[in-house]
Student: 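Quick one: the structure is below, and I'll ask about it shortly.
Protein chains get the first letters and strands the later ones, always in sequence-line order, with residue 1 at the start of each.
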Amino acid sequence: MKHGDHLFLVDGSGYIFRAYHALPPLTRKSDGLPVGAVSGFCNMLWKLMVSARDTSVGVTPTHFAVIFDYSSKTFRNELYPEYKANRSAPPEDLVPQFAIIREATRAFDLPCIEMEGFEADDLIATYARLAREAGGDVTVISSDKDLMQLVGPQVSMYDSMKDRQIGVPEVIEKWGVPPEKMIDLQALTGDSVDNVPGIPGIGPKTAAQLIEEFGDLDTLLARAGEIKQTKRRENIIEHADKARISRELVRLRDDVEVPEPLDALVLNPPDGPKLVAFLKGMEFTSLTRRVAEATDTDAGAVDAAEVAIDAGEEMRGPDLDPGQAKSAGEAAGAGDSPSFDTPQALAKRRAEAAVGAKIDTSAYETLRDIEELKSWCAMARERGIVAFDTETTSLDAMQADLVGFSLAIPLSAPEAGDLTVRACYAPLAHSNGVGDLLGGGGDQPGQMPLRAALDELKGLLEDPSVLKIGQNLKYDMLVLARYGVSIESFDDTMLLSYVLDAGVGGHGMDALSERWLGHKPITYKDVAGSGKSAIPFAEVAIDKATAYAAEDADVTLRLWHVLKPRLAADGLTRVYERLERPLAKVLMHMERRGIRVDRQILSRLSGELAQGAAALEAEIQELAGESFNVGSPKQLGDILFGKMGLPGGSKTKSGQWSTSAQVLEDLAAAGHELPRRIVDWRQLTKLKSTYTDALPGFINPETNRVHTSFAMAATTTGRLSSSDPNIQNIPVRTAEGRKIRTAFIAEPGNVLISADYSQIELRVLAHVAHIPQLTQAFADGVDIHAMTASEMFGVPVEGMPSEVRRRAKAINFGIIYGISAFGLANQLGIERSEAGDYIRKYFERFPGIKDYMEATKAEARDKGYVTTIFGRRAHYPEIRSSNPQMRAFNERAAINAPIQGSAADIIRRAMVRMEPALEKAGGHTRMLLQVHDELIFEAPEAEAEKVIPLIVEVMENAALPALDMAVPLKVDARAAKNWDEAH
DNA sequence: CCTATCTCTTA
DNA sequence: GTAAGAGATAGGT
């Protein structure tokens with residue numbers, strides 16, 4: 001570099017955040033990938049590269065570089081651990097743009113520079129000094145005040161969004177001090193965003209005035225006693241040390257050993273085809289056209305580059321030769337000829353390449369010390385992508401302690417054929433299983449200290465510029481949360497599989513590995529044993545644990561390469577991005593909070609139930625004339641239908657007489673005493689064993705609350721399921737059962753709020769099937785079942801007999817379930833022929849329903865799946881079965897899935913939006929549980945009244961703005977001390 | 001000890 | 001008629 005040369009330094013990280021907030025949100029048309037900041041970035045780069053002379057910069061660059069922050073952890077954290085500690089995670093739709101912007105930089109053939117331990121600002125300061133010393137001029141493309149200390153005769157700044165040059169006069173005008181005093185000024189004012197303390201009560205105006213008066217910070221601090229204003233004087237004296245620390249935090253380092261020499265930053269003419277391919281892939285049409293014209297490229301002849309969401313690897317893949325990972329800052333070689341694909345072609349190729357992957361479990365490494373771990377973290381950062389898995393002591397994430405973790409990093413692009421993966425396991429808390437009652441086993445040798453390893457891991461997992469890939473990451477996040485570690489920027493292979501293939505098969509890692517890789521991973525049983533002889537994972541020998549754990553990370557990474565491209569290829573990006581991935585964290589928080597359950601209430605109920613059941617059992621034995629196991633359907637059947645000779649109803653699959661409640665009720669109605677007692681006995685013992693006895697065992701000893709586990713990928717339709725304990729089947733229908741709900745309580749000073757959607761599935765049906773009468777009825781807010789009865793039977797709603805309404809209600813539910821005459825007859829206790837008449841009548845009155853059902857069945861038959869209103873798919877591969885029963889069952893399920901699934905999508909949307917919305921009411925209300933159409937919250941008494949309308953609003957508007965439903969959604973919400981009264 | 005069956009709870 | 005999870009029993013391993 002020489003006199004007359006001009007270096008442009010773009011503050012890439014700063015630009016991303018500014019553009020995100022300043023520019024209107026923009027998404028890629030084909031798949032909804034958020035690209036607003038990327039678009040602004042590309043336009044800015046292009047403008048600066050080719051026509052900076054026409055802007056207020058007024059010069060053409062000869063050298064050019066884009067600088068990024070490497071990670072959130074820098075040398076400043078050593079000075080002051082709280083530095084940038086309060087910065088919150090970037091918005092969900094900004095995260096994927098970090099990686100894309102790096103890729104954009106490469107597409108422009110510009111050096112992309114970042115360095116561990118330093119902020120972008122330090123690299124900018126260093127390059128600015130080097131250029132200055134070489135006699136060149138510098139323009140820093142940023143408007144960040146932190147960089148203004150660099151401004152001087154040879155260095156100026158440029159605000160590209162306002163097209164405004166920032167020189168010495170501009171800095172003085174804005175801050176009241178010249179650039180060289182900016183450090184002192186910022187030391188006094190501090191910075192709440194970066195958590196730089198400064199001196200309380202001193203803002204920019206006061207700081208400028210003080211610096212003007214005393215000359216510089218040291219003089220000011222030395223002579224602070226002279227300040228007249230009492231409070232200000234005391235503050236400055238008391239917080240002088242804070243100001244000194246602040247000064248070191250804001251002072252930029254200009255002596256960094258930068259990764260590229262100045263001369264490597266020479267600006268080359270853009271590579272037209274390469275850049276056009278990228279811009280086309282991003283669907284930036286007008287910029288594509290401008291670039292194509294300026295570089296004399298035939299845009300029509302260039303294939304769009306595939307740029308996938310969160311792409312760490314995709315972005316780097318096409319222009320990367322296998323095994324030749326480029327170091328940070330190295331520009332992509334201009335001579336590479338990129339191979340670009342349609343999403344479908346890429347997905348297909350990946351799937352084919354993945355089968356029979358060479359997985360060698362003996363090649364995995366065991367990380368024994370921090371240095372090794374550091375080097376793996378650095379490698380992960382360089383690739384921008386890492387698969388991650390934890391090993392723990394328990395399946396219950398709320399009680400699991402960390403035993404170790406594994407990482408897997410792709411070394412080559414899979415386009416090169418076989419994907420090359422390096423994987424490792426870091427054991428942290430393995431013990432010798434020889435401990436007896438007196439002394440626990442000691443640590444196995446060769447493990448690094450847990451705390452130090454966690455610190456290192458935290459830096460990687462919380463770095464949003466590195467994509468973390470896991471299988472069921474909600475579990476890992478839950479475990480890590482207890483160690484103060486979160487995961488920012490992630491993909492979950494279980495959720496990917498669920499979005500792509502719900503209904504096709506399981507989504508567990510072993511199933512996915514066999515399905516996609518043709519590989520059977522080592523099972524947990526293989527390393528830990530099973531049953532009584534099982535040992536805790538912590539006692540597994542480290543070499544065995546390494547093979548098992550590292551393989552999980554390896555397999556997860558390979559699965560991601562197969563599954564992720566399918567998202568764009570199948571148009572399911574939106575479902576994954578909006579309904580699945582963000583919900584994982586929401587559920588993690590809900591599970592972590594748990595709900596308070598009153599032991600005393602349950603124990604009292606248990607006693608009452610035991611008494612009642614014992615009394616009934618005595619009567620039952622008396623009536624039966626012998627003692628038998630009342631809980632055994634087989635023995636009971638022998639008594640009822642053998643010994644007593646009662647008329648048997650239906651038989652079970654295995655040929656046994658059924659003793660179901662339905663059969664017993666019928667016998668009771670015919671005047672038999674014993675069946676009635678059995679029904680009552682079963683109710684009491686069910687409540688006792690499943691609820692009052694089992695629930696206390698789920699109270700976590702640490703938190704004293706019950707933490708259910710929500711499964712995100714368990715149902716075909718998109719509903720959640722709940723287990724350990726299942727809180728989605730807590731009794732409500734009978735008075736006896738409802739007593740169990742009184743044990744679910746709020747903490748003192750708080751209330752529980754229950755908010756549930758009214759008739760959400762019928763509303764969804766009205767919307768998807770376009771039923772005018774239903775739509776109108778919901779708009780008018782009338783009783784929907786009475787309206788149905790009125791339409792069908794010609795009975796006026798006024799004074800309608802309850803039996804008539806009951807039948808209409810059963811029909812409405814039947815429709816949602818994919819009605820059959822058999823089922824409806826069963827439900828209503830009427831003849832099949834009569835039920836058939838009802839159904840015919842219903843279809844006459846609501847012909848749209850019949851059309852919807854036929855169309856849905858046809859869709860399922862043709863495509864193998866049906867779709868919810870938000871695009872979620874539910875697969876029914878057996879719908880083409882030659883078995884008529886099997887076929888009919890699948891048809892009914894297919895009819896139900898879009899209705900149940902759309903309702904599930906709606907509440908998922910509400911849940912994703914709920915947490916930020918609750919902040920507005922004071923921020924102390926916490927979402928605890930979901931029961932399909934109901935959300936349960938815990939709120940301080942003082943906040944409840946304020947938060948209820950907010951909750952209702954979020955839920956009622958959950959479909960918007962993506963979808964403006966033909967039917968309004970209605971939510972009822974109530975607060976009380978316990979769940980029974982709130983519901 | 002593990003798995004299948006039956007029953008019952010919810011939306 | 002849809003979607004789930006769980007407890008008790010019974011029978012095979």
Student: Reading nucleotides 7-13 of chain C from the 5' end, what letters show protein touch, with B for base, S for backbone sugar-phosphate only, - for no heavy atom under 4.0 Å?
Tutor: SSSSS--
Student: So which atom in A/Arg908 and which in A/Tyr498 form the shortest heavy-atom distance, rounded to 0.1 Å?
Tutor: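 Of all heavy-atom pairs spanning A/Arg908 and A/Tyr498, the closest is NH2-CE2, 4.0 Å.
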Student: Just verifying a value: how many Å separate A/Asn812 CG and A/Leu765 CG, rounded to the nearest 0.5 Å?
Tutor: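 That separation rounds to 8.0 Å.
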Student: Can you identify which nucleotide, out of C/dA3, B/dC6, B/dA11, has its nearest atom closest to the A/Thr717 side chain?
Tutor: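 Closest nucleotide among those given: C/dA3.
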Student: Counting any heavy atom closer than 4.0 Å, what does A/Ala810 reach on the DNA or RNA strands: base, sugar-phosphate only, or nothing?
Tutor: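 Contact class for A/Ala810: base.
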Student: Per the side chain to side chain donor-acceptor pair (under 3.5 Å) rule, which among A/His672, A/Glu619, A/Glu617 passes with A/Arg677?
Tutor: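 When side chain to side chain donor-acceptor pair (under 3.5 Å) is applied between A/Arg677 and each of A/His672, A/Glu619, A/Glu617, only A/Glu619 qualifies.
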Student: A/Pro731 has a side chain; which of B/dT9, C/dT2, B/dA11 sits nearest to it?
Tutor: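 Given the options B/dT9, C/dT2, B/dA11, the side chain of A/Pro731 is closest to B/dT9.
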Student: Return the residues of residues 814-824 of chain A meeting this criterion: a heavy atom under 4.0 Å from some atom of DNA chain C. Order them by number, or give none.
Tutor: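 Under 4.0 Å from DNA chain C: A/Gly814, A/Tyr817, A/Ile819, A/Ser820, A/Phe822, A/Gly823, A/Leu824.
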Student: What residues form a ring pair (Phe, Tyr, Trp, His ring centres under 6.0 Å) with A/Tyr475, not counting sequence neighbours?
Tutor: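 For A/Tyr475, no residue satisfies ring pair (Phe, Tyr, Trp, His ring centres under 6.0 Å) once neighbours in sequence are set aside.
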Student: Would you mind reading off the distance between A/Arg733 atom CZ and B/dT10 atom P, rounded to a whole angstrom?
Tutor: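 So the two atoms are 5 Å apart, to the nearest Å.
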Student: Considering all heavy atoms of both residues, which atom of A/Met590 and which atom of A/Met911 are nearest to each other, and what is their separation?
Tutor: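 Here A/Met590 and A/Met911 meet closest at SD-CE, 3.6 Å.
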Student: Give, ordered by number, those residues of residues 755-768 of chain A having at least one heavy-atom distance below 4.0 Å to an atom of DNA chain C; if nothing qualifies, reply none.
Tutor: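 Of all residues in residues 755-768 of chain A, none places a heavy atom under 4.0 Å from DNA chain C.
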Student: Using atom CG of A/Asn896 as one end and atom P of C/dG1 as the other, report the distance to the nearest whole Å.
Tutor: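 That distance rounds to 14 Å.
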Student: Checking contacts here: which listed nucleotide (C/dT2, B/dA11, C/dG5) is nearest the side-chain heavy atoms of A/Ala893?
Tutor: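 Comparing C/dT2, B/dA11, C/dG5 against the side chain of A/Ala893, the answer is C/dT2.
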Student: May I have the distance from A/Gln930 (atom CD) to B/dT10 (atom C1'), rounded to whole angstrom?
Tutor: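 Interatomic distance, CD of A/Gln930 to C1' of B/dT10: 12 Å.
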Student: Look at A/Arg719 together with A/Glu761 and state whether they make a salt bridge at an N to O cut-off of under 4.0 Å.
Tutor: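 Salt bridge: yes.
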Student: Using 4.0 Å as the upper bound for N to carboxylate O, is an ion pair formed by A/Arg676 and A/Glu673?
Tutor: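 Salt bridge absent between A/Glu673 and A/Arg676.
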Student: My understanding is that only residues two or more places apart in sequence, or in another chain, count here; which of them pass salt bridge (Lys or Arg N to Asp or Glu O under 4.0 Å) with A/Arg845?
Tutor: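 A/Arg845 satisfies salt bridge (Lys or Arg N to Asp or Glu O under 4.0 Å) with A/Glu791 once adjacent residues are dropped.
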Student: From the list C/dG1, C/dA6, B/dT9, which nucleotide is the closest neighbour of the side chain of A/Asn826?
Tutor: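 Nearest to the side chain of A/Asn826 among the choices is C/dG1.
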Student: From the options C/dG1, C/dA6, B/dT5, select the nucleotide whose nearest atom is closest to the side chain of A/Ser723.
Tutor: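 Within the option list, the nearest is C/dA6.
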Student: With A/Glu934, which residues qualify under salt bridge (Lys or Arg N to Asp or Glu O under 4.0 Å), at least two apart?
Tutor: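 For A/Glu934, no residue satisfies salt bridge (Lys or Arg N to Asp or Glu O under 4.0 Å) once neighbours in sequence are set aside.
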Student: For a quick check of understanding: with a heavy-atom distance under 4.0 Å over all strands, which category does A/Ala661 fall into, base, sugar-phosphate or nothing?
Tutor: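 Here A/Ala661 touches the backbone only, sparing every base.
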Student: What nucleotide, of B/dT10, C/dA3, C/dG5, holds the atom closest to the side chain of A/Arg741?
Tutor: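 Selected nucleotide (nearest to the side chain): B/dT10.
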Student: Can you tell me which nucleotide in B/dC6, C/dG1, C/dG5 comes closest to the side chain of A/Lys653?
Tutor: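 For A/Lys653, the side-chain atoms sit closest to B/dC6.
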Student: From A/Ser802 OG over to A/His785 NE2, what is the distance, rounded to the nearest 0.5 angstrom?
Tutor: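 The OG atom of A/Ser802 sits 13.5 Å away from the NE2 atom of A/His785.
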